[in-house]
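Throughout, protein chains are lettered first and strands after them, A, B, ... in sequence-line order, and every chain is numbered starting at 1. What you are looking at is a predicted structure, and each value in this text was computed from that prediction instead of being measured.
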Number of protein chains: 2
Amino acid sequence: MTLDSIDQRLLAALQKDAHLTSQELGEMLHLSASQIGRRRQRLEAEGIIRHYAARLNAHKLGLTVQAFVQVALKAHGPENAKSFARLIDSRPEITGAWALTGEADYLLRVYAEDLSALNSVIHDVLLPHPAVARVQSQIVMDQLKADAPLPV
Amino acid sequence: MTLDSIDQRLLAALQKDAHLTSQELGEMLHLSASQIGRRRQRLEAEGIIRHYAARLNAHKLGLTVQAFVQVALKAHGPENAKSFARLIDSRPEITGAWALTGEADYLLRVYAEDLSALNSVIHDVLLPHPAVARVQSQIVMDQLKADAPLPV
DNA sequence: GGTGAAATCTACCTAGG
DNA sequence: CCTAGGTAGATTTCACC
């Protein structure tokens with residue numbers, strides 16, 4: 001359960017490149033490949049490593065517009081919240097959604113092919129939903145850092 | 001360069017689980033393992049697949065607080081922006097940073113062990129920086145969706 | 001689309017503190 | 001008793017056909 005310094009460096013390395021072999025990791029961390037494999041299995045079994053994922057280049061997929069959308073709901077009841085959560089789940093272009101403290105209820109991270117597609121998400125998906133009171137979107141002009149590894 | 005339906009399903013699958021073997025993917029997509037391997041290599045070479053990364057459980061790492069911080073800079077010059085970008089780069093607890101249209105200049109995604117650690121980032125890291133005019137933080141109360149796969 | 005050599009993973013075994 | 005290192009069989013990848 002407790003992570004020693006080798007676990008921490010192992011997690012840092014696997015967050016940068018999940019395809020590093022136990023051999024390579026062993027050389028980096030001065031440990032045998034078999035021990036690396038055992039530690040990795042333990043970290044997976046404990047759920048500290050949730051899964052391994054391919055990271056794609058959004059621009060090369062044609063997703064040239066990225067935006068954050070703040071959404072306020074009409075009433076703060078569990079009914080509205082559940083209905084809104086189902087909407088979020090159903091839209092693949094919404095890749096992140098968080099309930100926040102403060103004035104706006106939710107923050108959404110949205111990818112779109114162009115500005116018109118982004119506006120379509122706002123006007124044809126979010127605003128027509130009965131639980132949604134108002135939305136405000138801000139377009140990403142520059143991405144200084146994105147989905148960086150968690151500090152370990 | 002252009003993606004057919006198999007490429008799209010391949011990318012969707014690899015975003016969910018980067019450790020799927022060519023054999024398994026071939027069975028899912030009704031294609032031979034060698035063809036899957038070739039397509040994967042092509043997608044990597046074209047940069048559509050940027051890399052493979054382990055995804056960790058923030059809570060199990062002790063990072064129980066997550067927040068979004070809006071930052072306004074004092075002046076809109078390249079000097080201030082560069083200096084601020086260096087600050088962002090140097091802080092591992094800031095895992096995302098975007099320059100946005102609208103009133104606030106930047107949106108930061110921050111992980112911290114507790115509220116006091118989050119406040120330390122705001123008061124000891126961000127506010128003392130000469131380029132920073134003001135910050136406003138909103139804590140994540142509920143994560144409906146996080147780092148979902150890109151739509152392909 | 002298929003094949004085979006090389007690399008990799010994983011379960012098991014042994015040694016040392 | 002727990003952690004580290006080594007080994008063999010099964011699996012996977014990848015260059016070639």
Side-chain angles (χ1 to χ4, degrees), chain A residues 1-62 147-152, chain B residues 1-63 92 113 146-152:
Chain A
M1 174 66 212
T2 170
L3 302 178
D4 66 14
S5 137
I6 293 177
D7 286 328
Q8 291 170 13
R9 283 182 292 157
L10 184 54
L11 291 173
L14 287 174
Q15 285 190 99
K16 289 208 213 74
D17 182 1
H19 279 184
L20 287 166
T21 66
S22 297
Q23 180 96 41
E24 291 167 320
L25 289 162
E27 287 162 14
M28 291 166 55
L29 307 181
H30 307 293
L31 205 64
S32 69
S34 53
Q35 288 305 321
I36 296 288
R38 183 166 316 181
R39 281 173 185 262
R40 185 157 48 75
Q41 280 188 323
R42 177 171 57 77
L43 294 166
E44 290 166 5
E46 287 176 350
I48 293 174
I49 296 177
R50 286 194 292 123
H51 69 303
Y52 302 92
R55 300 293 200 81
L56 309 187
N57 182 323
H59 269 84
K60 300 210 174 180
L61 291 171
D147 309 306
L150 294 178
V152 286
Chain B
M1 174 63 212
T2 170
L3 302 179
D4 66 15
S5 138
I6 292 176
D7 285 328
Q8 291 171 12
R9 284 183 291 158
L10 183 55
L11 291 173
L14 287 174
Q15 285 189 98
K16 290 208 213 72
D17 182 0
H19 279 183
L20 287 167
T21 67
S22 297
Q23 180 94 42
E24 292 167 320
L25 290 163
E27 286 161 14
M28 291 166 55
L29 307 181
H30 308 292
L31 206 63
S32 70
S34 51
Q35 290 301 330
I36 295 289
R38 187 165 315 176
R39 280 173 185 262
R40 185 158 51 74
Q41 280 188 324
R42 177 171 57 77
L43 294 166
E44 291 165 5
E46 286 176 349
I48 293 175
I49 296 176
R50 286 194 293 122
H51 69 302
Y52 302 92
R55 300 294 201 78
L56 308 188
N57 183 322
H59 269 84
K60 299 209 173 178
L61 291 171
L63 299 168
E113 296 184 4
D147 309 305
L150 293 179
V152 284

Looking only at heavy atoms, which two atoms of [X] and [Y] are closest? And how far apart?
X       : Y       : value
B/Ala13 : B/Leu25 : CB-CD2, 3.8 Å
B/Glu46 : A/Lys60 : O-NZ, 2.9 Å
B/Arg55 : A/Arg55 : NE-NE, 3.4 Å
B/Leu43 : B/Leu3  : CD2-CD2, 3.7 Å
A/Ala54 : B/Ala18 : N-CB, 3.9 Å

inquiry  = Expected output is a numbered-order residue list: members of residues 2-11 of chain A with a heavy atom under 4.0 Å from any atom of DNA chain D. What is it?
reply    =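 Heavy-atom cutoff 4.0 Å gives no residues at all.
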task = Please tell me if the side chains of A/Tyr52 and A/Glu44 come closer than 4.5 Å, counting only heavy atoms from C-beta onward.
result =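 A side-chain contact under 4.5 Å exists here.
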inquiry  = Measuring only between side-chain heavy atoms, which start at C-beta, is A/Ile6 closer than 4.5 Å to A/Leu29?
reply    =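 A side-chain contact exists here, since the closest heavy-atom pair is under 4.5 Å.
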query = Taking protein heavy atoms under 4.0 Å as touching, what does nucleotides 7-17 of chain C look like 5' to 3' if B marks base contact, S marks sugar-phosphate-only contact and - marks none?
reply = -SSSSBB----
task = Taking only heavy atoms on the protein side, list every residue of residues 45-57 of chain B lying under 4.0 Å from any atom of DNA chain C, sorted numerically.
result =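 Close to the strand, none.
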key: Any donor-acceptor N or O pair under 3.5 Å, side chains A/Thr21, A/Glu24   = yes
message = Categorize A/Arg42 for me: base, sugar-phosphate, or nothing, with a 4.0 angstrom heavy-atom threshold over every strand shown.
response =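 No contact.
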key: Salt bridge flag under 4.0 Å for residues A/Asp7 and A/Arg40   =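 Judged by the 4.0 Å cut-off on N to carboxylate O distance, A/Asp7 and A/Arg40 do not form a salt bridge.
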message = Regarding A/Arg39 and A/Asp4, does a basic nitrogen lie under 4.0 Å from an acidic carboxylate oxygen?
response =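 Yes, charged N to carboxylate O under 4.0 Å.
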ask   = In whole angstroms, how far is the P atom of D/dT13 from the CD atom of B/Gln35?
value =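 So the CD-P distance, B/Gln35 to D/dT13, works out to 15 Å.
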query = Nearest-Å distance, CG (B/Asp17) to C1' (D/dT12)?
reply =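 Rounded to the whole Å, the gap is 15 Å.
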